[in-house]
2 protein chains.
Amino acid sequence: MLRISKLTDYAVVLATALSETESPRSVAQLALGTGIPAPTVSKVLKTLTREGIVVSQRGKFGGYRLARPADAISIAELIVAIEGPISVTECAESADGAACALHDDCGVRANWKKINRAVEAALEEISISDMSGPEEKLVPLLRSFRAAEENRKVVNADLTDALTEEVERYG
Amino acid sequence: MLRISKLTDYAVVLATALSETESPRSVAQLALGTGIPAPTVSKVLKTLTREGIVVSQRGKFGGYRLARPADAISIAELIVAIEGPISVTECAESADGAACALHDDCGVRANWKKINRAVEAALEEISISDMSGPEEKLVPLLRSFRAAEENRKVVNADLTDALTEEVERYG
DNA sequence: TCAAAATAGGACCATGCGAGTCCTATTTGG
DNA sequence: CCAAATAGGACTCGCATGGTCCTATTTTGA
Ligand code: SF4
Ligand code: SF4
């Protein structure tokens, strides 16, 4: 789990589709191209229009196109547009303690906040243009991933020691 | 959004609480200490027991304690235990295309998979012991975060050069 | 001027899932 | 045998998500 909503997923698919051409495309065209049902396409794009991520053109030969270059639209932005602010935990969303009953006396809150910001930052690095092309475009993400992989080896080494020690202690 | 479930959040709080002592603590004690309602504490810990993350002791003076050192229990593990496999998109969960109707003809699927693995890897780096203490403990995460921050500047300055260089080096 | 093609804005429902409670059985120690 | 604890589920309640559909508005061109 830890999932984005389906509509958000659709938003990414649609934005990626829109990044392929400059000219506006209608809901019908996009529905045909992506396989997403037309009413749903409409719903998503209306929201993205309100959020200033795509621009709409009414009337004949109208449709939707990206408001900015595909490099300047991040995954994080799309998530925020559809689902609201990125917040892995409840307390990460609202600054005040209204969301969670444990807020005032929670020892892990500060660290969750850091995690939240890290996830947010990572998703801000990924643009629509990164999604459209081959996977090699995901450079920033891959770099972080690799760093994490290397670090895991260190942790695993420590883990092995810890386990043997644990086995000795508890049988 | 992009939120973990509340029960998962509780799992982290409880695991962190358990990491403070070696001796088993009862549901009542933990409920008192954390502020989480006792029935909910019980539910979460029963799940964590099934998943082998904590061990239980029945009868008088029984309770729960961590099955492993706090360094060897990751946030990712807790999420998986409560919510199931980490999957930012539907298609990331099940390998086959059963989950999503667009699966077979989806251009962004491969890239989402990479993102999913990166998030997964990052959360595997963070242990319960990282959560309990001061924020300085979140070293791996901060490392990724810093890398992403630095990379953003590079991307903004000259995306093309960074890409070609990166592809040559790792590709 | 009118009709067609498109989006804008909601209203609407249905269903699944998360959160939380509670009951009964089982284990364990005194 | 009793008391204290967990094990395992069943159960309900509420609400967010997904999805559809209807009507108004804008735009273009015949
Ligand atoms: S305050 Fe603590 S328990 Fe509440 S949402 Fe934040 S991290 Fe979770
Ligand atoms: S296949 Fe494409 S549309 Fe379906 S869940 Fe995966 S990324 Fe989203």
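Quick note on labels: first sequence line is chain A, next is B, and so on, each numbered from 1. For the numbers below, each heavy atom of this structure counts, side chains included, while hydrogens, waters and symmetry mates do not.
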> When all nucleic acid strands are considered with a 4.0 Å heavy-atom cut-off, which category describes A:T49: base, sugar-phosphate, or nothing?
sugar-phosphate
> Just by modelled atom types, is the A:A38 backbone N or O under 3.5 Å from a matching donor or acceptor in the A:S42 side chain?
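Such a contact is absent between A:S42 side chain and A:A38 backbone.
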> To the nearest Å, give me how far apart CZ (A:R65) and P (C:dA6) are.
17 Å
> Quick check for you: name the first and last nucleotides of DNA chain D, 5' to 3', having an atom under 4.0 Å from a heavy atom of chain B.
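Answer, 5' to 3': D:dA4 to D:dG9.
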> So, do B:M1 and A:I86 sit near enough that their side-chain heavy atoms are less than 4.5 Å apart?
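B:M1 does not reach A:I86 side chain to side chain.
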> Rounded to whole angstrom units, what separation is found between the OH atom of B:Y10 and the P atom of C:dA19?
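One finds 8 Å between P of C:dA19 and OH of B:Y10, rounded.
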> Quick check on DNA chain D: between A:R58 and B:S42, whose nearest nucleotide comes earlier from the 5' end?
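It is B:S42, whose closest nucleotide lies nearer the 5' terminus.
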> Please state how far atom CE in A:M1 lies from atom P in C:dG18, giving the value in whole angstrom units.
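In whole Å, C:dG18 P lies 6 Å from A:M1 CE.
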> Name the residue from B:I36, B:V27, B:V54 that meets the side-chain contact (heavy atoms from CB on, under 4.5 Å) definition with B:L14.
B:I36
> Output the rounded distance in Å from CG (A:L30) to P (C:dA5).
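Atom CG in A:L30 sits about 18 Å away from atom P in C:dA5.
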> If you pin B:K46 and A:S26 to their nearest nucleotides in DNA chain C, which one's is more 5'?
A:S26
> In terms of the nearest nucleotide of DNA chain D, which residue is placed more toward the 5' end: A:G59 or A:S5?
A:S5
> Any side-chain heavy atom of A:N111 within less than 4.5 Å of one from B:D130?
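No, their side chains stay 4.5 Å or more apart.
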> Once you apply a heavy-atom cut-off of 4.0 Å, does B:L7 come out as touching a base, just sugar-phosphate, or nothing?
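Touches sugar-phosphate only.
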> C:dA4 C1' sits how many Å from A:F61 CZ, rounded?
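Spelled out: CZ on A:F61 to C1' on C:dA4 is 10 Å.
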> Report the distance from atom NZ of A:K6 to atom P of C:dC17, rounded to the nearest whole Å.
12 Å
> Residues two or more places apart in sequence or in another chain: which of them pass salt bridge (Lys or Arg N to Asp or Glu O under 4.0 Å) with A:E120?
none
> If we only count heavy atoms from C-beta on, is the B:I53 to B:R68 side-chain gap below 4.5 Å?
yes
> Does A:N116 reach the main-chain N or O of A:V88 with its side chain, forming a donor-acceptor pair under 3.5 Å?
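It does hold such a pair.
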> For A:K43 and A:S56, take the nucleotide of DNA chain C holding the closest heavy atom to each; which residue's nucleotide lies nearer the 5' end?
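Result: A:S56.
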